[in-house]
2 protein chains.
Amino acid sequence: MYEKNGKSYYCPVEAALDILGGKWKPLILWYLKDGKLRFSEINQIIPVVNSKMLTKQLRELEKDGVIIRTVYPEIPPKVEYQLSELGKSVIPILNALCAWGCDYLGVTELHDSELICEQENS
Amino acid sequence: MYEKNGKSYYCPVEAALDILGGKWKPLILWYLKDGKLRFSEINQIIPVVNSKMLTKQLRELEKDGVIIRTVYPEIPPKVEYQLSELGKSVIPILNALCAWGCDYLGVTELHDSELICEQENS
DNA sequence: CGGTATCCCTTTGGATACTG
DNA sequence: CAGTATCCAAAGGGATACCG
């Protein structure tokens, strides 16, 4: 039994999945790998998630120490999100999961915008 | 957008997490890596999960093609579960997740029974 | 701009009892 | 032995409206 941030895990894998397993978390982490993003930018990249859910996922990621939230005291407000060192260390894991997922889905080729959520409005 | 088994995924990572993300699935897959196990054997190894949940998770894993369920038409019934080839391919992923989880949890040393769920009754 | 608040539905997980 | 059936609680996810 392992403890971290007030949560209990039977094994380290469970802890990893707890942190990465949110519906939008892999996507968020993936897009942050290239640098900082503002709240509205993330929301534009993943338009199917509403602001409440996005906020929740971002706060959990922040609480778990994988992203860093920076608030600029300006009007209008500006908030930037970026990966922490721990967050950067999950990118290889995401790549491994992506490779396995591609194998599972029978996808042989990945284009650059692989993880982009291009949801039509229709 | 990817489709498989009637489910839709925005990215392969989401598909991977969908299959591995069940509360007991990583544990089940981990224990099956060394060979076949009967239903009751799995239930003994992971005593905190009840039979309904265990059945559900096993059926989902079977539906997703990562485990193979073999029923022996005997009295009393005998059912064995084993990893498929796809299932075997997730073991490295579990190891990667385990390593990352250990790093996250600050665990430096893994003992042999790492993933064993040793839940006391107290 | 970057969120909260409220309400609500669905999914997940579980306790208990029962069965071929 | 290997499950089902039933009922139920908690968590996850989401639509809409509002706020500093």
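Nothing here was measured: the structure is a model prediction, and the numbers come from that model. All values below were derived from every heavy atom in this structure, side-chain atoms included, with hydrogens, water molecules and symmetry-related copies excluded.
- When distances are taken from the side chain of A/Asn50 to each of D/dA15, D/dG3, C/dG13, the shortest belongs to D/dA15.
- Closest contact between the side chain of A/Tyr81 and the listed nucleotides C/dT16, C/dG3, C/dG2 involves C/dG3.
- Per the geometry, CD belonging to A/Gln44 stands 11 Å off C1' belonging to C/dC1, to the nearest Å.
- Of the listed nucleotides (C/dT4, D/dG3, C/dG2), C/dT4 has the atom at the smallest distance from the side chain of A/Thr55.
- B/Glu62 has its CD atom 15 Å from the P atom of D/dA2, to the nearest Å.
- The residue among A/Lys56 and B/Glu41 whose nearest nucleotide of DNA chain D is located toward the 5' end is B/Glu41.
- Between the A/Gln57 side chain and the A/Trp24 main chain, a donor and an acceptor come within less than 3.5 Å of each other.
- Counting only distance, with no hydrogens or angles, the side chain of B/Lys33 and the backbone of B/Ile91 share no donor-acceptor pair below 3.5 Å.
- With C/dG2, D/dG3, C/dT4 as the candidates, the nucleotide lying closest to the side chain of A/Arg38 is C/dG2.
- Residues A/Lys23 and B/Pro76 each lie close to DNA chain D; by heavy-atom proximity, the contact nearer the 5' end of the strand is made by B/Pro76.
- A straight line from CZ of B/Arg69 to C1' of D/dA2 spans 8 Å, rounded to a whole angstrom.
- In this structure, B/Leu54 atom CG and C/dT16 atom P are separated by 18 Å, rounded to whole Å.
- Which of C/dG20, C/dG3, C/dC1 sits closest to the side chain of B/Pro77 comes down to C/dG20.
- A/Ser8 contributes no side-chain N or O that, together with a main-chain N or O of A/Glu3, makes up a donor-acceptor pair within less than 3.5 Å.
- In this structure, the CD1 atom of B/Ile28 is 14 Å from the P atom of D/dA2, given to the nearest Å.
- In this structure, B/Arg59 does not reach the D/dA2 phosphate: none of its side-chain N or O atoms is under 4.0 Å from OP1 or OP2.
- In this structure, the side chains of B/Arg69 and B/Val79 come closer than 4.5 Å at one or more pairs of heavy atoms.
- Residue A/Gln57 places its side chain closer to D/dG13 than to any other of D/dG13, C/dG3, D/dG3.
- Taking atom CG of residue A/Leu58 and atom C1' of nucleotide C/dG3, one finds them 11 Å apart after rounding to whole Å.
- Nucleotides of DNA chain C nearest to B/Met53 and A/Glu80 differ in position, and the one nearer the 5' end is that of A/Glu80.
- Between the CD1 atom of A/Ile75 and the C1' atom of C/dG3 there is a distance of 13 Å, rounded to whole Å.
- Proximity of a side-chain donor or acceptor of A/Glu41 to a complementary backbone N or O of A/Leu37 within less than 3.5 Å is not detected.
- Rounded to an integer number of Å, the gap from CZ of A/Phe39 to P of D/dG20 is 18 Å.
- At the phosphate of C/dC1, neither OP1 nor OP2 sits under 4.0 Å from any side-chain N or O atom of A/Ser40.
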